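Accompanying notes for the structure given below.
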Amino acid sequence: NAGVTQTPKFRVLKTGQSMTLLCAQDMNHEYMYWYRQDPGMGLRLIHYSVGEGTTAKGEVPDGYNVSRLKKQNFLLGLESAAPSQTSVYFCASSYSIEQPEAFFGQGTRLTVV
Amino acid sequence: AQSVSQHNHHVILSEAASLELGCNYSYGGTVNLFWYVQYPGQHLQLLLKYFSGDPLVKGIKGFEAEFIKSKFSFNLRKPSVQWSDTAEYFCAVSPFNDYKLSFGAGTTVTVRA
């Protein structure tokens, strides 16, 4: 059982480049999330989805876009990367409001130079 | 939006010492409460959760947490730590009818052999 899988695990981008992070879950979860983790700031919610075809902004959405064309996948895009987006990105999913505990992927370490 | 405060940024302990990590949240309604652990280089894993009922909850690896509603607190405890408990610990909160988690800044725990 793979759980939540993120690709890639590491990436270095130049300022202005674009990229897409892929998250896939095989637990049939309705809700999916993208967080960024920065030292001393915990995890902050970027965007989330409450089901296939839906997306919504979280706490720090600027500079990111997302799509959820299939229930099992949640993509995070950076259209024009900036050094401030250097971070570790975590995807997570949860089953329902009644079972809100989130399951996390392994993370993507992104460096923007 | 609710906020989550973790009082200690870094805790250093010797093996067999007792551990207590504080967590307070600022939300007046009913909440779901979680503690996650992140071992070095790994993703976040659920340690324990509280939804309702007995305010003293037991999780994996000998951890427990106590919900004190009047103090808006959910403190994590372990009577005797091991070197393998070296990790970062995150408290997280979601409103009862919501699915989005708000995380504290995290506490780094270093256990010395």
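Everything numeric here is computed off the predicted structure, so don't read it as measured data. Here is how names work: the chains are called A, B, and so on, in the same order as the sequence lines, proteins then strands, and each is numbered from 1.
Taking the side chain as every heavy atom from C-beta outward, B/Leu44 and A/Leu43 approach each other to under 4.5 Å. Considering only heavy atoms from C-beta on, A/Met41 stays 4.5 Å or farther from B/Phe103 through its side chain. Here the side chains of B/Leu46 and A/Phe103 are not in contact, with every heavy-atom distance at 4.5 Å or above. Residues B/Phe34 and A/Glu101 meet the side-chain proximity criterion, which asks for heavy atoms closer than 4.5 Å.
In this structure, B/Ala105 and A/Gly40 approach most closely via the heavy-atom pair CB-O, 3.4 Å. Residues B/Gln38 and A/Phe90 come closest through the heavy atom pair NE2-CZ, 3.2 Å. The two residues A/Gln106 and B/Gln42 come nearest to each other via the heavy atoms OE1-CA, 4.4 Å. Minimum heavy-atom separation, A/Ala102 to B/Leu101: CB-CD1, 3.9 Å. Minimum heavy-atom separation, B/Asn32 to A/Pro100: ND2-CG, 3.5 Å.
One hydrophobic cluster, built from ILVMFWY side chains closer than 4.5 Å, cannot hold both A/Tyr33 and A/Leu21; they sit in different ones. Residues A/Trp34 and A/Leu22 do not share a hydrophobic cluster, clusters being chains of Ile/Leu/Val/Met/Phe/Trp/Tyr side chains in contact below 4.5 Å. When the side chains of ILVMFWY residues are joined at heavy-atom separations under 4.5 Å, either directly or via intervening members, A/Val60 and A/Tyr48 end up in two distinct hydrophobic clusters. In terms of hydrophobic clustering, with Ile, Leu, Val, Met, Phe, Trp and Tyr side chains grouped at heavy-atom distances under 4.5 Å, B/Phe63 and B/Val11 are assigned to a common cluster. Taken together through direct or relayed side-chain contacts under 4.5 Å among Ile, Leu, Val, Met, Phe, Trp and Tyr, B/Leu48 and B/Ile60 form part of one hydrophobic cluster.
Around atom OH of A/Tyr95, no more than 12 heavy atoms belonging to other residues, nucleotides or ligands sit under 6.0 Å away. Other residues, nucleotides and ligands contribute at most 12 non-hydrogen atoms within 6.0 Å of the NE2 atom of B/His9. Within 6.0 Å of CD on A/Glu79 lie no more than 12 heavy atoms contributed by other residues, nucleotides or ligands. Heavy-atom contacts from other residues, nucleotides or ligands closer than 6.0 Å to CZ of B/Arg112 number 12 or fewer.
Atom NZ of B/Lys100 is separated from atom OG of A/Ser94 by 10.5 Å, given to the nearest 0.5 angstrom.
Of the possible polar contacts, none joining the B/Tyr99 side chain to the A/Gln99 backbone as a donor-acceptor pair under 3.5 Å is found.
Taking A/Arg109, A/Glu30, A/Gln37 one by one and counting their heavy-atom pairs under 4.5 Å with chain B, the maximum is reached by A/Gln37.
Using a 4.5 Å cut-off between heavy atoms, B/Phe96 touches chain A through its backbone atoms (N, CA, C, O) alone. Of the two parts of A/Val4, neither the backbone nor the side chain holds a non-hydrogen atom closer than 4.5 Å to a non-hydrogen atom of chain B. Contact of B/Gln6 with chain A is not made at all, since no heavy-atom distance falls under 4.5 Å. The part of B/Glu88 that comes within reach of chain A is its side chain, from C-beta onward, which places non-hydrogen atoms under 4.5 angstrom from that chain.
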